Each structure stands twice: as C-alpha cells, then as structure tokens.
Number of protein chains: 2
Amino acid sequence: MSTEAKVPISDAPSQVASPEGSAKSVERILLVAYELFSRRGIRDVGVNELIERSGVAKATFYRHFPSKDSLVLAFLEQRDKLWTVEAIVSQARRQGQTPVERLLAIFDVLGEWFRRDDFEGSTFIQVLLEMGPSHPLGQASINYLAKLRGHVQALAEEAGLVDPAGFARSWQILMKGSIISATGGDLDAGKRARQMAGWLIEHHKA
Amino acid sequence: MSTEAKVPISDAPSQVASPEGSAKSVERILLVAYELFSRRGIRDVGVNELIERSGVAKATFYRHFPSKDSLVLAFLEQRDKLWTVEAIVSQARRQGQTPVERLLAIFDVLGEWFRRDDFEGSTFIQVLLEMGPSHPLGQASINYLAKLRGHVQALAEEAGLVDPAGFARSWQILMKGSIISATGGDLDAGKRARQMAGWLIEHHKA
DNA sequence: AGCGGGAAAGACCGGTCTGTCTCCCCCTGC
DNA sequence: GCAGGGGGAGACAGACCGGTCTTTCCCGCT
C-alpha cells in the first residue's frame with residue numbers, strides 16, 4: 001500500500017512510438033487479447049489467462065496497462081482498425097465499382113464472414129450488451145459503432161442519396177440484425193440483409 | 001448439472017405437502033430473477049444477491065433449483081411467456097385489424113418499448129451473446145428466438161405472403177437490428193425498422 | 001567489472017462466484 | 001403433545017477475479 005513512487009508511464013501511453021524491447025511485450029499482450037476477447041468476450045477472459053498465454057509477467061502487464069479495462073479499450077481500438085476499417089469498409093470499397101455497389105458489397109463481405117469457421121460475432125455489440133450502455137466500455141463500443149455508421153454515411157453521400165444520416169442508421173439496423181441472426185446460426189443472413197439494403201437504397205435515391 | 005429440464009412452476013397437482021409455502025418461495029425467487037436478469041443480464045447477477053433480494057435461504061434456493069442455470073432456464077421460459085407472447089405478439093395482434101397491420105404493429109409496440117425508461121434490451125440476444133451459441137443457455141435462447149420467429153411466420157401465412165419462412169427470417173433481422181440500435185441509444189429504431197418492414201411485406205405479396 | 005533496470009515467476013490480498021452443509025426455529029398434521 | 005419437515009440464517013469450501021508486491025534473473029550500458 002505504498003502511496004508513493006507511482007511510476008510515471010509517460011514514455012509510452014499510446015501504442016505508437018515504441019522505444020525498444022518493451023514494445024514486444026505490449027504487442028504480445030495485444031495479440032493474445034485480440035484473439036481471446038474477440039472469440040469469447042470480455043468477461044470470460046481473465047487477466048491471469050491473458051498473461052499466461054502471452055508469456056508475460058503480471059507486473060509487466062500492469063506496467064503497460066493500468067487496468068484490464070484499459071487493455072480492453074486498446075483492444076477495441078485495434079478491433080476498429082483491423083475489422084471495421086480494413087476487413088469490412090475497405091474491402092467493400094475495393095469490391096464495388098460505383099458507390100451503390102460499394103454499399104451493397106458490405107453485405108457480401110459480411111455474408112462471407114458469417115460462413116467462416118472462426119466467425120465470432122460482433123465485438124462491439126457483444127461488449128455493449130456485456131457491460132451495458134452506461135459502462136465506459138459500453139460507451140466506447142457505442143462510439144465505435146457510430147464511427148462505423150459514419151463510414152456508411154460517407155458512402156451514402158458519395159452515392160448522392162437523400163438523408164444520408166438516416167440512411168446510415170437504417171443501414172446499420174440491417175448490419176446489426178444480420179450479425180445477430182448469423183450468430184444464432186442463420187448463414188443466409190447476409191443475403192437477406194443485402195436484399196433489404198437494396199430496397200433501402202432505392203427509397204433514398206433522389 | 002442435471003440436464004433434466006424440470007421446472008416446478010405453478011404445478012399444483014404433483015406437489016406433496018405444503019403446496020403454498022414452497023410455491024411462495026419459488027414464486028418469489030422467479031419474480032426477483034425476472035427483475036434482475038432482464039435488467040442486468042445473467043452473469044452480472046449472483047446467487048447471493050438473488051436469495052438476499054427474495055428473502056430466501058440459500059438451501060431453499062438450491063432445493064427448488066439444482067443450479068443457477070436451471071433458474072435461468074425457468075427465467076427464459078417466463079420471459080418468453082410474459083414478453084414475447086403477451087407483451088409483443090399478442091399486443092401486436094390486438095392493435096392491427098388485418099394480418100398485414102398486425103405484422104407492422106410489431107414495430108409500433110417495439111418502438112414504444114424502446115422509449116420506456118425501464119427498457120432493458122432483449123434478454124434472448126443478451127444471453128446468446130453472453131454465453132455463446134454452444135452453451136446450453138445460448139441454445140435455449142436460440143430456440144426461443146426461433147419460437148418468436150414462428151409467431152411472425154404464422155402472421156405471414158395469415159396474410160397470404162409468399163415464402164413465409166424466409167419472410168420471418170428477414171423480419172427477425174429487422175427486429176434484432178432495431179433492438180440493438182435502441183440499446184445503443186437510437187430511439188427511432190422502431191420507426192426505421194417499420195419502414196423497411198413495409199417494403200419487405202410488399203415484396204412478399206403474391 | 002559493476003551497476004541498473006526490465007521482465008519473469010509467483011505469492012499474496014480482498015473480494016466474488018457457485019454450491020454444500022449445519023443449526024435452529026416454526027408450522028403443520030397426527 | 002409431539003414428531004417431522006420446510007425454511008431462514010449463514011458458515012464454509014474451493015475456485016477464480018482484478019490487482020499489488022517481492023524476489024530473482026538476465027541483459028545491456030559505461
């Protein structure tokens with residue numbers, strides 16, 4: 001219970017600008033956390049398992065992350081970058097030629113993702129339901145879901161659709177619903193959502 | 001750990017001595033469990049809190065329910081009866097005159113539910129994501145969601161829609177998606193889903 | 001060669017979890 | 001009156017939780 005000597009970790013509060021060997025521990029922790037958290041959720045993975053699987057001492061873990069929640073925050077940020085942006089949005093942008101095609105390609109990408117054997121559901125939705133909308137981690141999940149909605153809205157604006165904000169909200173209802181249905185076993189959820197998404201686009205054309 | 005789904009709820013005939021005293025305990029436990037589970041999920045509510053809030057001894061709890069999971073199963077069954085059937089399906093059936101109106105009324109009821117201050121999200125989705133689709137409780141949630149889909153399919157058949165099974169699956173995507181969006185704060189999710197539901201109906205008319 | 005710091009290992013802390021068991025009271029049926 | 005059982009209160013077990021701290025070792029720097 002020493003109240004003094006709080007080691008200032010001002011050298012590497014963020015993830016970028018890694019000085020040297022210490023970054024390897026952080027990277028290993030984040031890698032394991034990504035694996036376990038995205039597959040099994042937050043509450044089901046304890047700190048002891050995390051440090052064991054990443055071959056890191058507990059003190060090392062807490063030197064880099066002041067709490068489990070802060071690791072979860074870093075994980076959510078990584079998930080947004082690797083999954084939302086790279087795996088979904090950028091992939092859909094590459095697959096379509098026109099803005100409308102790029103929008104619809106989102107559900108093609110989702111549909112393929114549903115069929116992967118390592119399909120694990122949506123992290124942000126799961127954390128939101130696990131922790132509740134008032135918990136900081138639930139709030140963070142809501143923010144990342146809003147960020148994803150921003151990508152959809154940008155695509156809608158490129159397509160010249162009317163009311164792109166409302167369009168994006170309806171669009172996200174289809175995304176969330178198809179993800180939940182896929183989690184429940186409906187592998188055709190992507191196809192069904194894509195069909196409804198087409199109607200949504202039609203009704204938002206000028 | 002017994003997989004026997006014996007849920008002694010409101011079954012008067014086979015109960016031996018003291019039909020009132022024991023039933024009162026079970027009912028009190030179920031009442032508290034319904035409150036706490038539907039508001040905060042399964043993993044966030046422990047047995048100690050359940051017995052304390054229901055004024056019941058721990059031994060009494062475990063005399064009636066062999067495990068916490070068996071109580072959760074009883075809770076899910078109650079939730080299906082009270083929420084799915086009475087609060088949603090029957091209510092929607094009462095509000096609409098024609099089968100199509102009764103279908104669309106589902107999203108009116110949902111929309112009102114989203115705006116209630118005690119809106120707590122969908123229990124079945126939450127349990128499914130909390131426990132995972134392979135866990136017995138996740139499986140039970142999937143079954144109850146399929147049961148709800150059956151109600152929608154029945155309404156679609158009454159409306160004479162084509163492919164009522166596929167219709168019900170698409171419909172449920174809208175329901176799940178709007179519930180998740182409402183959990184994230186979008187109070188207009190019911191309205192948006194209802195609009196898309198109307199297009200879905202149009203495309204399933206003969 | 002000697003020093004300092006990062007990291008590993010893990011004991012330890014208070015608390016929580018599900019589930020078992022004991023003790024005692026009180027109510028009911030005979 | 002009296003036995004018996006249900007129920008309340010709660011100690012207890014064993015595991016696990018997040019988080020702190022000590023000890024030891026190793027590696028690089030001067």
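Only this structure's heavy atoms are used, side chains among them; waters, hydrogens and symmetry mates stay out. This is a predicted model, so every value here is computed, not measured.
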Could you please name the option among [options] that lies closest to any side-chain atom of [X]?
X	options	result
A:Val56	D:dA9, C:dA8, D:dG18	C:dA8
B:Thr60	D:dG18, D:dG7, C:dG19	D:dG7
A:Ala59	D:dG7, D:dT22, C:dT18	D:dT22

Pairs of donor and acceptor atoms involving the side chains of residues 143-151 of chain B, under 3.5 Å and at least two apart or interchain, shall be tabulated with distances.
| from | atom 1 | to | atom 2 | distance (Å) |
| --- | --- | --- | --- | --- |
| B:Asn143 | ND2 | B:Gln139 | O | 3.4 |
| B:Lys147 | NZ | B:Asp80 | OD2 | 2.5 |
| B:Arg149 | NH1 | B:Gln172 | OE1 | 3.0 |

> Do A:Thr123 and A:Arg79 have side-chain N/O donor and acceptor atoms under 3.5 Å apart?
Replying inline: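 The criterion, which ignores hydrogens and geometry beyond distance, is satisfied for A:Arg79 and A:Thr123.
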Round to a whole Å and report the spacing from [atom1] of [X] to [atom2] of [N].
X	N	atom1	atom2	result
A:Asp69	D:dG19	CG	C1'	12 Å
A:Leu71	D:dG19	CG	P	10 Å
B:Glu52	C:dC17	CD	P	11 Å
A:Phe61	C:dG10	CZ	P	18 Å
A:Asn48	C:dA9	CG	C1'	12 Å
B:Phe65	C:dT20	CZ	P	15 Å
A:Lys68	D:dG19	NZ	P	8 Å
B:Ile42	C:dT16	CD1	P	20 Å

>> So that I know where these two stand, are A:Trp171 and A:Phe107 an aromatic pair - ring centroids less than 6.0 Å apart?
In response: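 Ring-ring flag for A:Trp171/A:Phe107: true, centres closer than 6.0 Å.
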> Is there side-chain contact between A:Leu200 and B:Trp199, with heavy atoms separated by less than 4.5 Å?
Replying inline: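 Touching, per the 4.5 Å side-chain cut-off.
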> Are any of the side-chain heavy atoms of A:Met196 and B:Ser170 separated by less than 4.5 Å?
Replying inline: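 Contact flag for A:Met196/B:Ser170 side chains = yes.
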>> Quick check: any donor-acceptor pair below 3.5 Å linking the side-chain of B:Lys58 to the base of D:dG8?
In response: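 No, the side chain and the base share no sub-3.5 Å donor-acceptor pair.
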> Per the end-axis method with five pairs at each terminus, what is the bend angle of the helix from C:dA1-D:dT30 to C:dC30-D:dG1, to 10°?
Replying inline: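 Answer rounded to 10°: the end axes differ by 10°.
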Phosphate contact ([N] OP1 or OP2) by [X] side-chain N/O below 4.0 Å:
X	N	result
A:Arg43	C:dT16	no
B:His64	D:dG7	yes
B:Arg63	D:dG6	no

> Salt bridge or not for B:Lys81 and B:Glu77, using N-O below 4.0 Å?
Replying inline: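 Result for this pair is no, no salt bridge flagged.
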> Between A:Arg43 and B:Asp44, does a salt bridge (Lys or Arg N to Asp or Glu O under 4.0 Å) hold up when you go through it step by step?
Replying inline: CA-CA 10 Å; A:Arg43 306 187 72 156; B:Asp44 199 44; 3.4 Å; yes
